[in-house]
Amino acid sequence: LASAGRALDKVRTGLKLVDIVLKIGEGAGLPLIPAVCSAARGVLQVVQASRTVINDVLSAAQRTIDVLELLQLMAQNVKRMDVTSRASVEDRMRELQRLLEDVRSAVAAFGKKGWLRHA
């Protein structure tokens, strides 16, 4: 989440830069500065709006790690379980597997590595 915070700081800095460049560019008479600054502002605003999604993806990663840590603790107790308890745990593990596969699909829909290069 720290990297998401740094990214948000960069977006805020970028939005301030848009205003600065717009004022300087207009004063200098640079052509198309308003259009370029408007496009840049649009990119930064979309990134800023995406921070909720980014935080959700990072939260999914943390929750997955939490599950793995819990499973690590459970693995130490499996030997002490009776047959009925093991069968119940096995059913729950299948549910957990399906849930994690659904989470993986949702996170994968967020974007693929290198998407910017293909845009």
To the nearest 0.5 angstrom, please state how far the [atom1] atom of [X] sits from the [atom2] atom of [Y].
| X | Y | atom1 | atom2 | value |
| --- | --- | --- | --- | --- |
| D102 | Q97 | CG | CD | 10.5 Å |
| L70 | I65 | CG | CD1 | 14.0 Å |
| K79 | N77 | NZ | CG | 10.5 Å |

- Distance-only side-chain donor-acceptor flag, S88 / R92, under 3.5 Å: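 Judged by distance alone, the side chains do not pair up.
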- Task: Taking atom types as modelled, find out whether S85 and D82 have a side-chain donor-acceptor pair closer than 3.5 angstrom.
- Result: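 Per modelled atom types, S85 and D82 side chains form a pair under 3.5 Å.
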Heavy-atom side-chain proximity of [X] to [Y] below 4.5 angstrom:
| X | Y | value |
| --- | --- | --- |
| D66 | E69 | yes |
| L96 | L71 | yes |
| D19 | R41 | yes |
| Q48 | L15 | yes |

- Item | Backbone of P34 reached by a side-chain donor or acceptor of S38 within 3.5 Å |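 Here the side-chain-to-backbone pair does not exist.
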Mind checking whether [X] and [Y] sit in one hydrophobic cluster, side chains of I, L, V, M, F, W, Y counted as touching below 4.5 Å?
| X | Y | result |
| --- | --- | --- |
| I33 | L17 | no |
| L100 | V89 | yes |
| V18 | I24 | no |

- Task: Kindly indicate, with the supporting measurements, whether the criterion salt bridge (charged side-chain N to carboxylate O under 4.0 Å, His left out) is fulfilled by R6 and D9.
- Result: CA-CA 5 Å; R6 286 192 305 272; D9 288 342; over 6 Å; no
- Message: How close do V103 and A60 get, counting heavy atoms only, and between which atoms?
- Response: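 The pair with the smallest heavy-atom distance is CG1-CB, 4.1 Å.
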- Message: Heavy-atom count check: over 12 atoms from other residues, nucleotides or ligands less than 6.0 Å from Q72 CD?
- Response: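 No, CD of Q72 has 12 or fewer neighbouring heavy atoms, counting only those of other groups under 6.0 Å.
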- For L73, does the CG atom have more than 12 heavy-atom neighbours from other residues, nucleotides or ligands under 6.0 Å away?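 Yes.
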- Are E90 and R94 close enough for a salt bridge, meaning some N to O gap below 4.0 Å?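 Between R94 and E90 there is a salt bridge, with a charged N closer than 4.0 Å to a carboxylate O.
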